[in-house]
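To start, the structure under review is shown below, and the notes come after it.
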Amino acid sequence: MARFRTWVGIALAGTLSVSLAACSSTGGKRAEDARKAAAAQGRAAVNTPRWTFAMITHSGDGDTFWDIVQSGAKQAAIKDNINFLYSHDDEAQQQAQLVDAAVDKKVDGIIVTLAKPDAMKAAVARAEKAGIPVITVNSGSEESRAFGALTHIGQDETIAGEAVGDELNRRGRKKALCVLHEQGNVGHEQRCDGVAETFRGTLRKLYVNGTNMPDVQSAIEAKLQADTSIDSVVTLGAPYADTAVKARTDAGSKAEIDTFDLNAKVAAALKDGTLGFAVDQQPYLQGYQAVDLLWLYKYNADVLGGGKPVLTGPQIITKDQASALAEYTDRGTR
């Protein structure tokens with residue numbers, strides 16, 4: 001009886017040892033899968049089958065935001081005894097082909113972004129026809145349910161934009177530039193449109209080629225030089241905030257630089273006043289919850305959200321909060 005109580009305590013704490021898993025009543029393949037998972041990538045907290053989940057995003061190369069998403073997904077995969085596969089392509093047709101490839105591999109679950117939903121609709125439908133559960137993450141909240149996904153995890157981009165507009169008002173800004181670094185991305189349009197909805201000043205959109213940072217910098221610089229009344233620049237991704245700061249300096253502008261998303265560099269810039277504020281959508285949580293919810297669906301037919309998106313943001317981060325988050329941004333989880 002004492003041994004039984006000890007086993008239960010350990011299991012509830014999520015730290016079941018490999019040796020105990022091998023001796024559990026499930027035995028056989030499940031215990032062996034759990035043992036292999038623990039040896040390969042960390043210690044699983046469950047002894048469910050070694051399912052394979054694929055995450056396919058619209059990320060371009062070198063985008064640190066998606067490193068944070070992956071960090072959360074991989075941590076949940078370890079806990080849930082999941083074989084986690086990640087692939088990405090910023091071209092929608094190629095992203096759709098990656099989804100098709102995951103279907104061909106007969107994965108047990110798919111996590112996908114819908115930055116350009118029209119191009120992804122058929123691929124998502126093929127996954128569902130094959131009986132593979134799909135969760136959408138980060139972008140595509142409005143299309144997720146219509147496409148048949150179990151749920152969507154992320155922030156509502158319009159609501160996030162509206163929060164930015166409110167913050168600009170609070171700061172007394174009168175003219176803002178919203179920099180869109182990926183044309184055709186519905187989420188980016190929704191962000192800027194949300195800003196315009198609540199911002200009492202004037203908002204202008206600037207479309208740039210986000211894969212070419214020198215061009216991004218020169219485009220922002222040219223706008224700031226041409227219109228000295230611009231007092232705020234809003235970028236839609238953390239890597240572009242630093243570029244906007246350089247453009248401001250070269251243009252001799254005093255515009256405040258604000259940004260969507262958070263990383264270590266943004267947190268440091270908030271702390272020293274280089275940036276005004278950031279909008280955090282908690283990418284680590286998006287990756288973690290996507291894997292965890294797929295596992296819950298496979299294990300217990302659980303679905304979260306009740307047909308509505310599961311929101312991970314927005315949270316406005318200013319200089320006051322930046323110091324408290326520094327530890328987490330340094331380790332790559334915020």
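- Hydrophobic clustering places V303 together with Y299 (ILVMFWY residues linked when any side-chain heavy atoms are closer than 4.5 Å, directly or through intermediates).
- I230 CD1 to Q225 CD: the interatomic distance, rounded to the nearest 0.5 Å, is 11.0 Å.
- In summary, the side chains of E221 and S218 do not present any donor paired with an acceptor at a separation below 3.5 Å, with no hydrogens or angles considered.
- In this structure, L270 and F277 approach most closely via the heavy-atom pair CD2-CA, 3.5 Å.
- For the residue pair G210 and Y240, the shortest heavy atom distance occurs at O-OH, 3.0 Å.
- Contact detail for K174 and D231: the closest heavy-atom pair is N-OD2, 2.8 Å.
- How far CG of N263 is from OG1 of T329: 7.5 Å, rounded to the nearest 0.5 Å.
- Looking only at distances, no side-chain donor or acceptor of N300 sits under 3.5 Å from a matching main-chain atom of D302.
- Ion pairing between D258 and R171 fails under the 4.0 Å rule for side-chain N and carboxylate O.
- The environment of Y86 atom OH is dense: over 12 non-hydrogen atoms of other residues, nucleotides or ligands sit within 6.0 angstrom.
- The existence of a salt bridge linking D292 and K79 is confirmed by a sub-4.0 Å separation between a basic side-chain nitrogen and an acidic carboxylate oxygen.
- The 12-atom threshold is not exceeded at CD of E197, counting heavy atoms of other residues, nucleotides or ligands nearer than 6.0 Å.
- Here the side chains of Q286 and F65 are in contact, with some heavy-atom distance below 4.5 Å.
- By the 4.0 Å N-to-carboxylate-O rule, D227 lies too far from K223 to be salt-bridged with it.
- Cluster annotation: L85 is not connected to I111 through the hydrophobic network of ILVMFWY side chains, with a link wherever side-chain heavy atoms come within less than 4.5 Å.
- When side chains are defined from C-beta on, Q75 counts as touching Y284, because their heavy atoms get closer than 4.5 Å.
- Atom CE of M120 is separated from atom CG of L98 by 8.0 Å, given to the nearest 0.5 angstrom.
- Under the 3.5 Å distance criterion, with hydrogens and angles disregarded, no donor-acceptor pair is assigned to the side chains of T57 and T113.
- Between E143 and K116, none of the side-chain N atoms (NZ, or NE/NH1/NH2) sits under 4.0 Å from a carboxylate O, so this pair counts as no salt bridge.
- No single ILVMFWY cluster, assembled from side-chain heavy atoms under 4.5 Å apart, contains both V103 and L150.
- Applying the 6.0 Å contact sphere to CG of D61 captures no more than 12 heavy atoms from other residues, nucleotides or ligands.
- Residues P309 and D156 have side chains not in contact (no heavy-atom distance under 4.5 Å, counting atoms from C-beta outward).
- For the pair A77 and F84, the tightest heavy-atom approach, listed with the atom from each and the gap, is CB-CB, 3.8 Å.
- Taking each heavy atom of V310 and L304 in turn, the nearest pair found is CG2-O, 4.0 Å.
- Looking only at side-chain heavy atoms (C-beta outward), L180 and E189 come within less than 4.5 Å of each other.
- No donor-acceptor pair under 3.5 Å is formed between the side chain of D90 and the backbone N or O of S59.
- In this structure the side chain of D193 reaches within 4.5 angstrom of the side chain of K205, judged on heavy atoms.
- For the pair L262 and A278, the tightest heavy-atom approach, listed with the atom from each and the gap, is CD1-CB, 4.4 Å.
- Checked for salt-bridge contact, R334 and D280 meet the test: a charged N lies under 4.0 Å from a carboxylate O.
- Looking at heavy atoms from C-beta onward, P133 lies in side-chain contact with K298 at the 4.5 angstrom threshold.
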### Stepwise salt bridge (Lys or Arg N to Asp or Glu O under 4.0 Å) test for D166 and R200
CA-CA 9 Å; D166 288 337; R200 292 192 290 267; over 6 Å; no
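- Remark: L296 CG to Q289 CD distance equals 8.5 Å, nearest 0.5 Å.
- Classification of the H58-W66 ring pair by plane angle, with boundaries at 30° and 60°, yields perpendicular.
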### Test log, rule salt bridge (Lys or Arg N to Asp or Glu O under 4.0 Å), inputs E256 and R248
CA-CA 9 Å; E256 179 179 276; R248 174 184 63 186; over 6 Å; no
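- Taken from CD in Q321 to NZ in K271, the straight-line distance is 13.5 Å, to the nearest 0.5 Å.
- Under a hydrophobic-cluster definition in which Ile, Leu, Val, Met, Phe, Trp and Tyr are linked whenever side-chain heavy atoms come within less than 4.5 Å, directly or via other members, V216 and V233 are assigned to the same cluster.
- Residues V112 and M55 fail the side-chain proximity criterion, which asks for heavy atoms closer than 4.5 Å.
- Atom NZ of K265 sits in a sparse spot, with 12 or fewer heavy atoms from other residues, nucleotides or ligands closer than 6.0 Å.
- I82 and I153 fall within a single hydrophobic cluster, where Ile, Leu, Val, Met, Phe, Trp and Tyr are joined by side-chain heavy atoms under 4.5 Å apart, directly or via other members.
- A 4.5 Å side-chain heavy-atom check between L275 and V266 finds at least one atom pair inside the cut-off.
- A donor-acceptor contact under 3.5 angstrom links the side chains of H152 and T136, judged on distance only.
- Annotation: the span from L203 atom CG to R173 atom CZ amounts to 14.5 Å, rounded to 0.5 Å.
- Side-chain contact, Q155 with E157: a donor N or O sits under 3.5 Å from an acceptor N or O.
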